[in-house]
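What follows is one structure encoded as C-alpha cells, with my remarks underneath.
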Amino acid sequence: MADATLTGPATVPPIRRTSTMIFLAALAVFVLLVTLLADAGMISTSTVKLLGKTLCLALAAVAMDVVWGYTGILSLGHMAFFGLGGYAIGMWLMWARTEAIVLADMAARTLPPTPSELQDAIGSQIFGVVGTSDIPMIWTFAHSLPLQLAMVVLVPGLLALVFGWLAFRSRVAGVYLSILTQAMTLALSLYLFQNDSGLRGNNGLSGLQNIPGFETTSQATISIAFFWGSALALGLGYLLFAWVVSGRMGSVLRAVRDDEARVRFLGYHVESFKLFAFTLTAIVTGIAGALYYPQAGIINPNEIAPVASIYLAVWVAIGGRGRLYGAAIGAIVVSLLSNWFTSGGAPDIDLGIYEIRWTEWWLVLLGVSFICVTLFAPQGLGGLFDLLSARRRSGRRASYGPDTGAKRPEEGAE
Amino acid sequence: MLRLLLALAITLIVAPAAAQDDLQAILQTHAEEVANPGRRSVGALIDDLLASDLPSVPVFLDAWQDREVVRDSRDGRFFIAGDEEDGVVTLLDIANGDEIGTAPEAALEEVRPNGGVRRVIGGALVQFRLSDPDPRARQRALASIARRPDADQIDPLRASIEEEDDAGILAEKERLLNILVARFGATTEDRIAAIEALAGEINPDARAALSEILRTEDRVVPAGEATDGNVAGTLSLPRAEAYGRLVDAELAPPGVSPAEIRDTLLANVEAGAVAGTRLADLDTDTARHAAYERLSETGRAAPFVSDEEIDAAIAAHSFEAVFLEEDEAVIDAARATLGSVERQVALNRAADLGLDALSLASIYFLAAIGLAITFGVMGVINMAHGEFIMMGAYTGYVVQQFVPDYTLSLVIALPLAFIVAAAAGVAMERLVIRHLYHRPLETLLATFGISIALQQLAKNIFGTQARPLTSPDWLGGQLVVNELVSISYIRIAIFVLALAFLGLLLFILNRTRLGLEVRAVTQNPGMAASMGIDPDRINMMTFALGSGIAGIAGVAIGLYAQVTSEMGANYIVQSFMTVVVGGVGNVWGTLAGAGLIGVLQKLIEGMNPSNTLAAQTYMILFIILFIQFRPRGIVALRGRAAEG
Amino acid sequence: MLIRSLFVTGALCVAAQPGVAQETDCPVKVGVLHSLSGTMAISETTLKDVMEMLIEQQNEAGGVLGCDIEAVVVDPASDWPRFAELGRQLLTEDEVDVIFGSWTSVSRKSVLPVLEELNGLMFYPVQYEGEESSKNVFYTGAAPNQQAIPAVDYFLEELGIEKFALLGTDYVYPRTTNNILESYLQDKGIASEDIFVNYTPFGHSDWSTIVSDVVELGSDGSLVGVISTINGDANIGFYKELAAQGIDAADIPVVAFSVGEEELSGLDTSNLVGHLAAWNYFMSADTPENEEFIAAWHDFTGDENRVTNDPMEAHYIGFNMWVNAVEEAGTTDVDAVREAMWGQEFPNLTGGTAVMGTNHHLSKPVLIGEIREDGQFDIISETDPVPGDAWTDYLPDSAVLTSDWKELDCGMYNTRTETCVQQTSNY
C-alpha cells in the first residue's frame, strides 16, 4: 500500500516491473545456455525443437492468462487462433517448397513451362494427397511470404474480432462464453477435417520443418534459429502484455473481471476493453502458432480440437492465473513433464502385484493434479513466488471475495 | 471315370437309387463348377440340372444355396452335410436328404457358393417354389422374382395365384404379377391396366418397373430435325460435356487441349525452335497457341478448334432424351403413375427423416438432461458428465459378462448403471465440486481433470478396444410402417426412455418435496437455506440424479453405438450445446434444444447426404449464431435465476 | 561468430548421420514407433507387441550379424507431430538401425521428412492409399491395387453388383481410395449416378439416415454393394444399424477394408455373417506357417483369445525380410540394406511367397473373406500375388508416374516427360 502511494497509479507497479525483469533475464540465460549446450552437442536437435516449441506454447499461455486471468474471459478456443497462425505460415512453406521442386523438375524439360502448367503441377503436388489438383481460393496468397505473414496476424485477428464483437455485444459471458468459444474451435476443426476445406483435410500441412531457401542448412541450425525466434517472440510478447496489464488499461481489465456491471456503470465501454484483450491475445497466439508449427513439422485439424484449448487453460491454472510468469511456467512445466512421461522417460514403478507404466498412468496423474491444484493451490505454481515476495512485503491479508484463483489481494496492495 | 466307378462301388453301402445316380452323374460332369461356382459360369450347370427334370433337383439346389453341400475329397462325390459328432459327419443323400453314411470331417470339403451364385440358384428355384407347401419357400421365391423380374416368370406366377391360399402371399403375388405385366405384358391394354394398378405403390420394385418403362437414351440430332421415337425432353448439357458428345458421335472434330498443343510442339522442335519461335519464348499459352496455329497452317498439326467453332457446333445440334419404350399410351400411363408415386415417396421420405430426427433428438436429450439438471440447478459445468455416460455403458458391458441373458442383463444394467454413475457423481460432488461452488470456471477445470483421469482409467481397465454391448433380440429389427418409413426398435426404446425421463423429472421437480426444495435452491440458495432447506443435501441429491441419468443414457447409447473409453467425450460438447441452446435450468428448454439440434442436423444432412461432417460443422455455426441472438436459449428463465 | 559455429556443427551433424558404417555396433537397435495411448492405441499396441515377439524370436535364433537385437519402444500417443519428434529422437539419440512403425497416413507423412533428412529406414505395415514411394520407407501393407481394386472386381464379377455405395471416414485413405475406385468403376461402365459417396467423422454413431440412403439406392431393383473404408469404432454403429434395419449380406453385401479380426472382437458378429472384408491375410488361413505364428503369438501374449491380423503379418514379413537383407548386406547400413531389400523373398503366412519390389512395395496375394459367426473370416477368394503399385493407374495425374529405386533411382518418375519429379517424397 505504501508502494502504491509512492509510485502513483499510472506507472508500472514495482512488483510487476521486477517480475518482468527477472523473467526476461531468466529467459535470456536459458536461451544462451541451450545454445551453448546445443553447440557443444550436449543437447540434441530434437530437444532444441522441443524447447523451442515449448516457448511458443508459453507465449500462447501468457496470452491466455491476459484474457482469462486478467480480463476474466475463459476462452476455450484460443488454440484455434494458434492453429490458424500455423496454417497461414504452413501454406507458404508448402507452396514455396513445392514450387522449388516443380521448377527444378520443369527446368529439365525442352519446352519452358507456362504459368498455368506451373500452377497445375504445384496443385497436383500439394493436393494430390486429397485427390484433386485444383488450387483452392484460400491459397491465392500462398506464393508470397509477406502476404502470408500478414495472414498470420490478420486471420486470427479478424476471426477474434468478429467472434468477440458478436459475443460481447449480446452480453454472452461466463460459462456461456466458454462454451461458445469451444463451439467455435470445434466448428473450425470439423471444417478443416473436411477434404473440401482446401487445407488437405485430416492430413493437414506437413513437411513444414523444411524451410524453402535453406534446403542445405541442417536441421540443427534451423532448430536453433527457431528456438531464438520463439524466445524473442516470448520476450516481446511478455513485455507487450506486461505493459497492457499494468497501468490504466490493466486496472480496467481487472475491474471487468471482478465486476463487469459495476465497470459499465462507471461509464467504461466494457465491450471494447474485452474485445481489445480478446483480439490482441488472439493475434499473439496466432504468431506463437506460426513459430510453433515449422518446428513441429506438421499441422492438422486435430491440433485445434477443443481439448487442446482446455489444456491451454489448464496450464495457465496450474501456473497461476493473474501472473504472466505463472502462465509461462505452467505451460513449460506441464508440457515438458507430459513429454517426459509419454516418451518413456519416466521409469516404470513395479509395485510387485502391479506395474505402473507411466504411458498408461500419466493422464490419470495429470487429471488428479488438476483437481488438486484447483482445490488446494488455486494460485498455482506462481503462488510459490508470491510466498517468496510476501515474506518481504507486508500486505493486506483480507480476502477480496470468493475467487481465490486470481491474485486479487496482491493486486489491491499495489 | 474308372476311378469314379470304383469309388462308387466301394463307398456306397445303401443301394443307389436311379435318380440319385443321375443327379450325382450330372454333378460329376460339372464337378469343378459345383465345388467352385462362379456367377457367370454356373448357368450351364443349372441349365443341365433343370433340363434333366429330375424331382431331386430342387432338393439339391436348396442345399447348395444354403451351403450345406460337401464334397468327399476321397472320391469327389457330393453329399449334404448332416450333424457332426467327434469329427465324424453324417452324410445325407443329395437327392432326398436320407442318411447314407458317415465320413471324417477332415475328408470333406465345404462347397461355398458366393452371394452372386446363390442368387442365380435362387432364380432357378423360383419355378419349384411358387407352389411349395412351405409358405416361407414361396416367399423366398417371390423375393427372387422381385429382385430380377423377367418375362418368363409371368406364366408360372399367374398359374400359382389360383391355388394360393395365404392371403398375404396372394397379395404379394398379384402385386408382382402387375409389375411383370406392366413391363412385359402382351397387349397395351393389359400393360396400362397393370400400370394403373401400381398407383400408390411406393415399393422400390414397383417404382423400378415404372422407371424401367420410362428409361431413356440420349441422342444427338441436328437442330430443327425431328427424331423418330418418343422424345422425353431436350437436355441442356454443360459446354464441355455437350461438345464431348458431338465428338463421340463424330459430328465435330475433337478439340485441342493445352497438353496436346504441348505434345505437338514438342514433336515439331527443329533446331531449338518451333515454327520459327524459339523454345525459350514458348512459356506462355498465347505464344504456344500462336506457334500451334502456324504448325496447323502448314499441315503439321490438326486445325485448332476455337471457342466460337465449339459454340457454333453445339448450337447446330440438339441433345434429346428418347424413350426406349415404343408404345406411347404405355409411356403416358407410366409417367402419370410414377408422378403420383413420387409425390408419395417424397412425403414418406420426409416422414422417415423426421423419425430419424426425433430419434437423434431423444439421444441428445438423454445425454444432455443430466447435465441440464446439474448445470441448471447448481451452475456447475461438469466436464466429466460424458464419463458418467461412459461408466453407465461399461456397467452394461460388465453386467453382460456375468448375466448371459440379454433381456435380464438389461433389466439389471439399467438401475445398476444409475447407481454406479450416481455414486460416482455424489463422490465427485462431495470431494471436489462442493469446494468450488462459487468458482464455476474452476469447476470446469477440476472436472476436466476428473474427465481425463476417468477416461484413462477406463482405458487401463477395459483396454482401448471397443467393447460389445448387445441388445436383446426383441430390440433387434425395426418397426416397418411401409417400404420407406421405418425405425429400429432400439431407437424407439431410446425414445420411450427419453420420454420416461422427461415425465419422471417433471414429476420430481413439480410434484415432490425434493423438487420444491430443488427449485427453491435454484432460485435463491440463501433464502432457501434460511427456510430450513439444507442446500448441501439438495445439491448432492441433484448431482446424484443428474449423474445417474447420464449412466442410464450410457447404457442406451452403448446399445445402438459403440462402447469405448472415448464415447463420453463424443457427447460432451453436443450436450453442452443442447443445454445452452435450450436455455439453462429448465427441463423443457433442454427438450427444445435437443429437438432443435436433432431436427436441424438431420435437415442439413438430408440436403447434403454425402458429407455428414459438413452437416455437423454448419450445425455448430448455427448454434454459435443462435446464441448471439438468444443468449439465454430458447426457453429463457426470468428473474434472479437467470443470472449466472 | 556463434552463427558460424552453428553452421559448422550443422555440417558435422550431417556428416555424422546414423547408419553410416557401424557394422560392429552391438546390439542392433530396432525402433518401434507405434502409439500406445490415444485414439490409435486400439490398433497400434498390438503391433508393438508383435514386434517385441519377433525380436525375441530372432534373438533366440541368434540375432542378426551375431548381435542381439534390442527394441527401442516409444509412444507417440496418437499425436501426429510427436511421430516426427520421436522419429528424430530414435534416429539421432537412440541411433536405431531401422524403425517399424506408424498406422495412419498422417503419422507416416509426419515422420517422412525426418526419415529422408536423416536417411533412416522405416517399415510401414498398414494398407494405405498409395501415391507415395519414399526412398526410406518399405510399404509392407497393401496399396489400393492390392486390396480395393480386387475387392471391387469381386463385387462386379462374382456378385454382379450394379450400384455402389462408397462409405468412408473423412480422412485421406478413404478419400483417395474412393477417388481411385470411382474412376475405376466408371472405367468399368458404372454410371456416376450409380455411385453414392459419403464421408462421416471419426467415431460416427448415427447411421440410420445413411443406411436408409444406401437402401434407397437399390430402389430400382439394382443390386447395391457397399465398399466401406469406415475406420475404427464407427464400424460398430454402422453394422449395428445394418442389422437393425434388417439388411443382411444377401441384400446388400458390405466389403470393408479396415475391418479385421481385431475390430470384430469388439462386436457381436452374429448379424454380420456373410459380409466381406478384403485383406492380404486372415487368421483363418490354413497353413503350417500361420499355425506356428498364431501359436507363438498366444504363447507370447499368454492369452489364447488374442487374434492376429493383416498388419501383424505385414510386420512379420517386413521384419524377416529386413533380417535377411541385413545378413545379406553384412551390415545394418541403411543404403546397403535398402539395396539388399530389393527382390527379397519371404513366405507369406497364407501360403506363397511375398517379394519386395524395387518400388518398395510388396507383391502379395489378395484374399477376400466372409465374416463368420465366431468373428473369423472364411476365405472365399484368393488371387495370385499382385505387385503393389505405388502410383495408381486410375487417376490421370498419377497414371504417368512410376517408382523404381533400382533402375531409375526415383520414387516419382514421370514416364511421359522421362524425368524424376523429385527424389524426396511428396508429404
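So you know, we letter chains A, B, ... as the sequences are listed, proteins then strands, and number each from 1.
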Of all the heavy-atom pairs spanning [X] and [Y], show the shortest one and how long it is.
X	Y	answer
B:A453	A:G367	CB-CA, 4.3 Å
B:I450	A:I371	CG1-CD1, 3.3 Å
A:T374	B:A446	OG1-CB, 3.5 Å

Portion of [X] that has a non-hydrogen atom of chain B nearer than 4.5 angstrom:
X	answer
A:P115	both
A:L188	neither
A:Q182	side chain
A:I179	side chain
A:W68	side chain

Greatest number of heavy atom pairs closer than 4.5 Å to chain B - which of A:A167, A:S116, A:S197, A:G72: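 So the answer, after comparing A:A167, A:S116, A:S197, A:G72, is A:A167.
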
Name the member of [options] that forms the most heavy-atom pairs with chain A at distances under 4.5 Å.
options	result
B:L625, B:V274, B:V580, B:D285	B:D285
B:I452, B:V269, B:L265	B:I452
B:V432, B:V579, B:L444, B:T447	B:V432
B:D281, B:D283, B:L436	B:D283

Any chance you could measure [X], atom [atom1], to [Y], atom [atom2], to the nearest 0.5 Å?
X	Y	atom1	atom2	answer
B:L445	A:Y311	CG	OH	12.0 Å
A:L366	B:F448	CG	CZ	8.0 Å
A:L166	B:I624	CG	CD1	9.5 Å
A:L365	B:Q456	CG	CD	11.0 Å
A:L111	B:R262	CG	CZ	8.0 Å

Residue B:F626 excluded, over 12 heavy atoms near CZ under 6.0 Å: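 Check passes, neighbour count above 12.
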
Enclosure of A:R262 CZ (heavy-atom neighbours >12, cutoff 6.0 Å):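 12 or below, so no.
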
Which bit of [X] comes within less than 4.5 Å of chain A, counting heavy atoms only: side chain, backbone, both or neither?
X	answer
B:A280	backbone
B:F629	side chain
B:M619	neither
B:I381	side chain

Step-by-step side-chain contact (heavy atoms from CB on, under 4.5 Å) determination, A:I310 to B:M383: CA-CA 11 Å; A:I310 301 183; B:M383 294 295 284; 3.4 Å; yes

Whether B:F375 and A:Y176 hold their rings parallel, tilted or perpendicular, with breakpoints at 30° and 60°: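 Correct class here is tilted.
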
Derivation of the side-chain contact (heavy atoms from CB on, under 4.5 Å) call for B:Q628 and A:L180: CA-CA 9 Å; B:Q628 308 295 343; A:L180 210 58; 3.7 Å; yes

Worked check of side-chain contact (heavy atoms from CB on, under 4.5 Å) between A:Y191 and B:T617: CA-CA 6 Å; A:Y191 175 74; B:T617 314; 3.7 Å; yes

